[in-house]
Amino acid sequence: MKSEEIVVAGFGGQGVLSFGQILAYAAMMEGKEVSWMPSYGPEMRGGTANCIVIISPTRISSPIVTQFDTAVVFNQPSLDKFHPRIKKGGLLLYEQDGIINPPYREDIDILPVPAVREAIRLGKKQIGNMIMMGALLARRPLVSLDAVLVALKKSLPERHHHMIPLNEEGLRVGRQLAEKSRHEPSVLFPTES
Amino acid sequence: MKSEEIVVAGFGGQGVLSFGQILAYAAMMEGKEVSWMPSYGPEMRGGTANCIVIISPTRISSPIVTQFDTAVVFNQPSLDKFHPRIKKGGLLLYEQDGIINPPYREDIDILPVPAVREAIRLGKKQIGNMIMMGALLARRPLVSLDAVLVALKKSLPERHHHMIPLNEEGLRVGRQLAEKSRHEPSVLFPTES
Amino acid sequence: MNPPIAYNGLELVYRRPVTLTDTPMHYCPGCSHGVVHKLLMEVIDEMGIQSETIGVAPVGCSVFAYNYMNIDMQEAAHGRASAVATGIKRMLPHRYVFSYQGDGDLAAIGTAETIHTVNRGENILIVFINNAIYGMTGGQMAPTTLPGMVTSTTPYGRDVATMGHPLKITELVARLPGAAFVTRQAVHTPTAVRKAKKAIRSAFEYQRSRLGTSFIEIVSNCPSGWKMTPLEGNEWMEKNMFPAYPLGDLKIPSATKPDAKVKEEV
Amino acid sequence: MNPPIAYNGLELVYRRPVTLTDTPMHYCPGCSHGVVHKLLMEVIDEMGIQSETIGVAPVGCSVFAYNYMNIDMQEAAHGRASAVATGIKRMLPHRYVFSYQGDGDLAAIGTAETIHTVNRGENILIVFINNAIYGMTGGQMAPTTLPGMVTSTTPYGRDVATMGHPLKITELVARLPGAAFVTRQAVHTPTAVRKAKKAIRSAFEYQRSRLGTSFIEIVSNCPSGWKMTPLEGNEWMEKNMFPAYPLGDLKIPSATKPDAKVKEEV
Amino acid sequence: MIRGTIVVNETICKGCELCIQACPQESIGLSDQVNIIGYRYAILVQDNCTGCVNCALVCPEAAITVYRQSKQSIKQKSTAQV
Amino acid sequence: MIRGTIVVNETICKGCELCIQACPQESIGLSDQVNIIGYRYAILVQDNCTGCVNCALVCPEAAITVYRQSKQSIKQKSTAQV
Amino acid sequence: MNMQQSEQPRLMKGNEALAEAAIRAGLQGYFGYPITPQSEILEYLAAELPKRGGVVLQAESELAAINMIYGASGAGARVMTSSSSPGISLMQEGLSYMASAQLPCLVVNINRGGPGLGTIQPSQGDYFQATKGGGHGDYRLIVLAPASVQEMADLVFEGFRLAEKYRNPALILADGALGQMMEKVVLPPEGTLPMVDKPWATTGKPEWRERNIITSLFIQPEKMEEVNLQLQAKYQQLQKEVRHEAFEVEDADILVVAYGLTARIAQKAIELAREQGLKVGLLRPITLYPFPSDVIARYTRTATAVLVVELNSGQMVEDVRLAVNGRRPVHFKGRMGGVIITPEEILEELVSLAKEYRVAEEKLEV
Amino acid sequence: MNMQQSEQPRLMKGNEALAEAAIRAGLQGYFGYPITPQSEILEYLAAELPKRGGVVLQAESELAAINMIYGASGAGARVMTSSSSPGISLMQEGLSYMASAQLPCLVVNINRGGPGLGTIQPSQGDYFQATKGGGHGDYRLIVLAPASVQEMADLVFEGFRLAEKYRNPALILADGALGQMMEKVVLPPEGTLPMVDKPWATTGKPEWRERNIITSLFIQPEKMEEVNLQLQAKYQQLQKEVRHEAFEVEDADILVVAYGLTARIAQKAIELAREQGLKVGLLRPITLYPFPSDVIARYTRTATAVLVVELNSGQMVEDVRLAVNGRRPVHFKGRMGGVIITPEEILEELVSLAKEYRVAEEKLEV
Ligand SMILES: Cc1ncc(C[n+]2csc(CCOP(=O)(O)OP(=O)(O)O)c2C)c(N)n1
Ligand SMILES: Cc1ncc(C[n+]2csc(CCOP(=O)(O)OP(=O)(O)O)c2C)c(N)n1
Ligand code: SF4
Ligand code: SF4
Ligand code: SF4
Ligand code: SF4
């Protein structure tokens with residue numbers, strides 16, 4: 001597996017940073033080299049937040065890159081900002097809700113995900129991110145679902161552990177959404193690497 | 001004339017700094033290169049004050065030297081401190097009043113001056129320093145008396161100018177004291193250089 | 001961009017002050033900074049002193065104030081805004097000068113500059129935004145943080161035994177002879193906003209009359225730092241901040257020479 | 001060197017404190033610094049706490065205090081003595097810690113450290129020597145310099161309009177919750193000296209009882225800076241300093257747990 | 001009743017709801033849509049605005065412009081009613 | 001009258017005269033000689049010192065040691081006088 | 001020891017790893033003031049250190065913090081403070097005082113882009129300030145430059161060890177990215193850094209010893225010069241503590257010298273260059289002071305040219321030039337103001353240098 | 001002009017000559033805090049400047065002073081502050097801000113012996129701080145080094161000129177002796193340094209122009225890098241302002257490089273050496289930044305060896321080595337902590353170097 005450079009971006013409250021952390025932690029547990037680099041500082045004031053996650057079989061040189069294999073975005077400004085920075089042949093996942101001008105590039109794999117809508121349907125807005133995660137892993141089997149769940153446990157405070165099953169459900173839903181999307185389905189089962 | 005390196009030292013209030021300034025100013029007016037370097041800082045707190053005056057026909061390299069051609073001292077601590085730092089064949093003038101252990105060196109020209117006593121006799125304690133100056137110039141004709149008087153005028157605030165004649169008197173007395181001192185008399189009239 | 005002065009038969013009664021630039025502000029939703037910026041620019045509009053006023057921005061969330069205020073401005077080092085303002089005022093005594101500072105900036109690292117600027121009675125206005133927290137750096141304890149209040153550097157709440165009590169710098173400042181006008185205001189309700197604006201207006205007029213330092217504390221919210229919604233924040237502020245920092249004038253000029261020329265509100 | 005305890009039939013009633021070293025002090029004749037040094041060491045002698053006390057010297061004429069006080073001492077950067085004392089006390093909470101500072105050190109460059117140290121209620125003693133001038137550097141204006149007073153940086157007298165009024169930092173400090181004991185004393189007469197010593201003694205006892213910060217201002221003379229004889233200086237001090245800096249307690253501990261073990265005066 | 005209205009600059013509104021609370025007429029609410037910077041924004045939800053300016057005063061973004069019936073038109077109306 | 005006396009460490013005395021002013025008995029004066037550090041120093045000029053300690057208290061150099069008649073010796077004396 | 005084995009790798013921010021490592025290294029007192037991008041250090045310690053027997057105090061300023069450190073260190077404690085560029089500038093007087101009074105402490109500078117308020121993005125612009133002494137007078141700090149979250153933790157131990165061994169402030173200089181990024185880290189075990197005794201500390205003077213005095217005032221020039229000679233001798237001693245990492249240097253035609261994150265990026269570039277058949281190697285100073293001059297001199301005997309890469313306008317390059325002393329051309333490539341250089345940029349530079357010096361030409365023709 | 005002729009030579013302290021010169025150079029605002037050995041500057045200005053239309057304010061600290069200077073300079077005024085080593089350390093953050101915001105001002109450092117509180121005696125220990133940037137980030141100060149009371153006055157004009165021309169803080173670095181000593185000085189006439197207009201100054205925004213903003217905050221790295229590139233370009237420009245003085249360098253076998261008072265002492269040593277037949281010359285940098293590297297490189301083509309003399313542990317010697325770049329051996333002789341080196345010490349060094357490099361041997365046999 002080659003190294004994967006991912007950006008996760010959205011508004012402050014949307015949990016993009018922990019999305020990236022869960023991904024990185026899961027990968028670390030599977031023996032990969034990982035780095036997680038958040039955007040920080042006053043641009044966060046009422047602005048967007050993002051983090052760069054790099055997953056690699058070998059030592060990572062710089063945690064900060066400007067071109068990405070994969071972008072997971074949760075709002076319009078982030079879409080506009082990172083859409084052009086995706087490498088040719090790369091992957092773009094985005095939350096459909098609140099996107100006015102959708103992406104246009106032909107040379108990348110684009111997957112809109114109605115995560116918020118689905119989450120509300122499932123009755124817990126919070127699991128939207130896991131739906132997104134499920135969709136991502138369907139397209140890019142970077143880590144196993146099990147690893148993600150362990151990571152999730154780690155990141156959730158005890159009192160929220162009862163929500164793990166619901167999140168598991170979210171991951172599954174996400175995967176399904178990815179599968180029935182117009183693009184050719186990719187590997188369905190998590191890599192064992 | 002070779003360059004002359006002089007130290008003037010005494011207690012804070014004894015006017016040693018202005019003694020040095022008058023000397024330097026007078027020399028400057030006679031076209032010499034001069035430098036005046038005071039001791040400064042907290043060692044002045046309740047301690048001794050001194051200044052180094054260098055008079056030279058050529059540019060002066062360092063205003064700070066550790067060996068002196070001439071030392072003019074006004075108290076015991078200064079005598080003890082600078083007595084050993086006088087160059088062989090150099091000159092030591094000191095105020096007699098308050099000196100418990102007089103200097104002993106054989107290889108320098110030593111001239112005790114009862115300036116305070118004489119000043120009190122003349123009725124103005126303040127002119128003690130000019131008596132000292134007169135004695136100094138008798139031994140070392142560094143500058144003319146006229147130059148000293150001009151310098152004095154410069155340094156004295158207007159309201160004290162009436163004291164100039166008295167100081168002139170002091171200079172003369174000092175010169176006399178120097179002359180009738182046990183040592184072989186040196187040049188009596190000021191140099192015109 | 002000027003709004004139409006009439007809108008289907010109705011006339012314009014309130015508009016965004018012209019001296020406030022069109023740049024959208026970067027503050028969090030509901031943050032008091034925006035309101036205070038607005039009031040300052042309204043007063044400058046009304047007094048017509050845009051060309052005579054120089055502002056000093058602090059280091060804090062309002063570090064970008066100069067992006068929003070369409071006047072000459074300087075951005076000062078953290079805590080030194082009042083020293084910078086002093087430097088400006090001493091060189092341009094006929095200009096209106098104000099500094100705009102947060103509680104960390106003014107009451108922690110800048111304590112010495114604050115005290116001495118006011119003690120010298122520098123003829124400037126100091127606007128002090130007290131939100132009881134370090135907003136910009138992510139919600140650390142401020143000198144004005146309330147006892148027991150949880151911040152990122154007081155995870156177990158501010159312990160007055162080891163971290164001291166909230167510092168009421170405004171009360172200290174009010175005791176300094178150089179202080180001409182010292183008041184504590186808020187901007188969480190229309191009434192409060194009206195009062196706060198009046199205070200700012202007076203401060204500029206006192207400066208014109210060379211009365212000394214005006215010091216206006218605005219007890220503010222920091223929804224992000226407090227981890228509350230703006231409405232929750234305002235409520236919490238009334239319940240907890242106001243008792244500790246009671247609103248009102250702490251010092252008003254003995255002899256004020258108020259200025260005749262006062263424009264009508266638009 | 002210990003004096004004989006009896007001297008032709010008379011017995012020893014006063015001696016130089018043993019914790020004061022034999023090194024002659026460098027202060028100018030009649031300077032208050034010497035008296036205050038002496039009192040501090042007397043109290044340490046009487047309480048028998050030489051081995052438990054750590055002092056902090058400032059930058060100022062008393063920078064050499066550690067040459068005269070035979071206790072562990074640290075010499076702090078100009079204005080930072082109270083921060084240094086804080087560092088020591090936080091690491092050694094069972095030690096007695098005091099800082100000794102001049103008006104320039106404590107009330108000018110060190111203002112922020114002074115205010116915040118007291119506001120935190122650091123359990124230390126701050127001795128504040130107010131001689132209304134910068135002695136060590138040769139008599140420049142201090143924050144406490146009186147209006148109209150001539151110094152080397154106010155050749156035409158302190159002009160309050162441009163240089164501000166004397167800063168009464170002790171009054172400010174007294175308002176801080178962290179302050180346990182705040183008093184203003186002098187050492188120009190035997191009675192004053194006795195009072196001042198009592199204040200110092202109490203401060204150390206309050207520190208033992210962990211009551212918070214004790215702050216003792218000593219209104220002092222600076223014959224050299226003032227260009228007066230010591231006697232003239234004391235007279236001038238009574239006439240001019242005391243009205244501006246009235247002697248007496250500004251704040252005394254509400255609940256003091258006084259310590260039983262109090263030694264007899266020698 | 002005095003007629004008034006507000007115009008909200010919805011591109012800069014951050015949906016803080018301070019105006020909603022400040023409005024004595026309960027004329028203001030939030031949109032369902034989010035704007036370009038991701039916030040639901042203030043909109044008039046009732047046509048009973050009196051142009052009291054309260055909302056505009058508390059708005060941190062200075063996003064609200066307020067219009068009101070002119071004084072004389074009010075007078076006219078009232079006289080008319082007589 | 002209670003008998004006392006003082007011993008002045010004349011090598012460190014700076015002749016500030018504070019003790020002279022502090023002495024209620026006017027027992028102290030300055031020497032004509034200056035000491036090694038250049039100051040005229042305090043000396044007893046009358047034999048009427050009561051050992052009241054005032055001079056020592058105000059001395060900035062802590063140069064003064066004070067001695068006084070012991071309490072009982074005072075008692076003895078007074079009784080003797082009866 | 002077995003703690004070590006029991007220790008699982010964690011995913012941690014550099015700032016947090018450093019803070020946790022400090023606790024495990026026996027930190028007794030921390031005094032600091034918030035500033036991005038290093039506030040996590042204060043925040044982490046505020047939550048953890050008190051529980052584990054240490055003292056944390058949020059100071060009113062960096063100025064107060066460094067002087068509290070002065071007092072606490074003088075009292076014999078193992079102490080630390082941390083800040084970022086502007087805050088470190090405010091500590092310069094205090095650091096000069098501590099170096100002069102010979103007080104050990106650990107200072108952390110999570111370097112952001114300057115000058116002025118600048119940007120909060122990563123930078124190496126404070127190299128001069130750290131290594132030449134930003135404060136007044138002749139003194140040096142011991143300067144350590146981590147290149148990974150793992151080293152952020154490890155070098156804390158080294159920092160305390162050196163600071164206390166030489167009675168001199170030590171400084172960890174790391175760019176903002178190293179503070180903010182998360183990486184795998186295996187934390188060093190607790191209790192591996194024994195407390196050293198400090199007979200000089202002001203802990204209260206017992207009968208049996210002279211009083212201890214912590215001071216930097218030596219009014220007599222002769223005495224002050226003595227102190228300075230002591231310091232200089234100490235800095236000589238320090239030379240033996242030089243640490244560096246070498247990567248593919250043996251056969252290198254071009255030697256790259258870089259530290260911190262930049263070194264990692266350079267290493268990536270070197271891997272790419274090697275793929276193109278260029279003989280390039282990396283020398284990474286871990287101690288910036290003492291500086292590995294001899295090592296660099298040694299390796300440059302074989303190399304044709306040297307390339308120094310920094311996130312500044314060229315600061316360490318001066319020390320490299322001094323080490324190379326004209327024997328080889330020394331080139332510089334840098335980015336400033338918080339911009340991170342990419343492996344590609346460095347590769348480009350390497351390729352053109354290879355051309356310029358005609359090394360491995362044939363390969364380049366391909 | 002006739003003022004010049006009318007001007008009599010005076011006997012003045014360096015500090016006072018500098019202060020009077022500043023007034024004649026059009027000083028509008030001075031903000032400072034007392035410290036030995038430079039308090040006379042504040043004292044002189046407090047007495048004179050207000051009479052002559054300027055503002056003097058004794059700040060509560062050096063920290064306040066440098067930030068008042070920031071504001072005053074940003075308001076378009078010609079401003080100055082002065083201090084000595086510890087006080088200058090407290091100004092480092094402010095200086096970094098001013099360099100970044102491109103604000104002109106003149107800062108005077110009457111250098112005393114450090115580190116720490118140190119001694120108040122003369123020193124050159126702050127060379128690194130002055131020339132490499134004691135503050136954070138990539139910036140430089142314009143640094144001028146007077147060697148006489150006359151130059152203390154003259155370089156004030158040069159300092160203001162350069163500071164305003166390049167919108168950068170300028171610093172006069174002089175040891176304590178130059179500040180305290182009295183020498184003959186002919187003061188430069190008033191009004192020879194015209195006011196430059198400062199369209200960037202915050203004087204109040206008129207209708208007809210955009211608002212002016214003085215800031216050093218550029219949160220976007222790309223923007224911050226731009227600013228840095230501007231600064232670097234400016235520093236390149238500065239190279240053409242290099243000033244130095246050469247003494248008997250043409251035929252010199254040994255080139256002595258020294259600045260300030262040390263250069264005068266070295267000159268004396270050189271005179272003595274020449275009497276002994278040694279071919280020795282002196283290169284005195286007057287601008288320490290920009291540093292006369294080219295000049296030194298040029299003269300060292302002919303010389304056999306170089307001797308750098310400083311009142312510190314060896315700071316400028318690094319810049320000399322960088323200039324010489326290994327072509328010639330560079331030796332160092334220094335004293336520290338306020339001790340003044342003597343001509344004899346330098347002479348001794350010169351003689352032994354002459355022996356070592358077998359220059360002018362026959363003469364030495366005599
Ligand atoms: C010298 C220095 N220290 C610390 C910082 C980091 N810093 C930036 S803003 C700030 C405090 C902000 O709090 P406050 O002043 O209350 O303003 P707010 O953000 O709450 O409006 C701090 C500590 C800095 N930029 N410079
Ligand atoms: C940072 C710094 N600034 C200035 C000085 C110079 N300085 C030494 S003592 C002093 C003030 C002394 O006055 P004060 O604190 O009142 O003590 P006093 O000498 O009167 O007892 C100053 C300004 C210094 N040493 N360090
Ligand atoms: S962090 Fe607080 S102070 Fe800063 S913008 Fe947000 S709400 Fe306002
Ligand atoms: S200068 Fe003043 S404070 Fe300093 S020792 Fe002399 S009298 Fe005391
Ligand atoms: S107050 Fe302003 S920002 Fe807040 S919701 Fe209303 S219009 Fe929007
Ligand atoms: S008080 Fe002390 S120092 Fe002063 S004269 Fe008397 S004995 Fe001497």
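Chain identifiers are assigned alphabetically (A, B, ...) following the order of the sequence lines, protein sequences preceding nucleic acid strands; residue numbering begins at 1 within each chain.
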*Hey, mind stepping through D:Y68 and D:H33 against ring-ring contact (aromatic ring centres under 6.0 Å, His included) and telling me if it holds?*
CA-CA 11 Å; D:Y68 314 129; D:H33 276 305; over 10 Å; no

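The neighbour count for D:E171 CD, taken as heavy atoms of other residues, nucleotides or ligands under 6.0 Å away, is above 12.
For a residue to count as touching a neighbouring chain, one of its non-hydrogen atoms must lie under 4.5 Å from one of that chain's; by this rule H:L90 touches chain D with the side chain only. Heavy atoms of D:M163 lying under 4.5 Å from chain H are absent altogether.
Donor-acceptor pairing under 3.5 Å is lacking for the side chains of D:N70 and D:T21.
Of all heavy-atom pairs spanning D:N240 and D:L146, the tightest one is O-CD1, 3.5 Å.
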Using atom types as modelled and no hydrogens or angles, find all donor-acceptor pairs between chain D and chain H shorter than 3.5 Å.
from   : atom 1 : to    : atom 2 : distance (Å)
D:H78  : NE2    : H:Y33 : OH     : 2.9
D:I109 : N      : H:E60 : O      : 3.1
D:Y134 : OH     : H:Y33 : OH     : 3.0
D:Q140 : NE2    : H:E43 : OE2    : 2.7
D:M141 : O      : H:Q58 : NE2    : 2.8
D:S152 : OG     : H:E43 : OE2    : 2.9
D:T153 : OG1    : H:Q58 : OE1    : 2.7
D:Y156 : OH     : H:A47 : O      : 2.5

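Partner of H:M80 under the side chain to side chain contact (heavy atoms under 4.5 Å, CB included) criterion, out of H:I23, H:L106, H:L49, H:V107: H:L106 alone.
D:W236 contributes no side-chain N or O that, together with a main-chain N or O of D:N221, makes up a donor-acceptor pair within less than 3.5 Å. Side-chain atoms of D:R184 never come within 3.5 Å of backbone atoms of D:V219 as a donor-acceptor pair (strictly under, hydrogens ignored).
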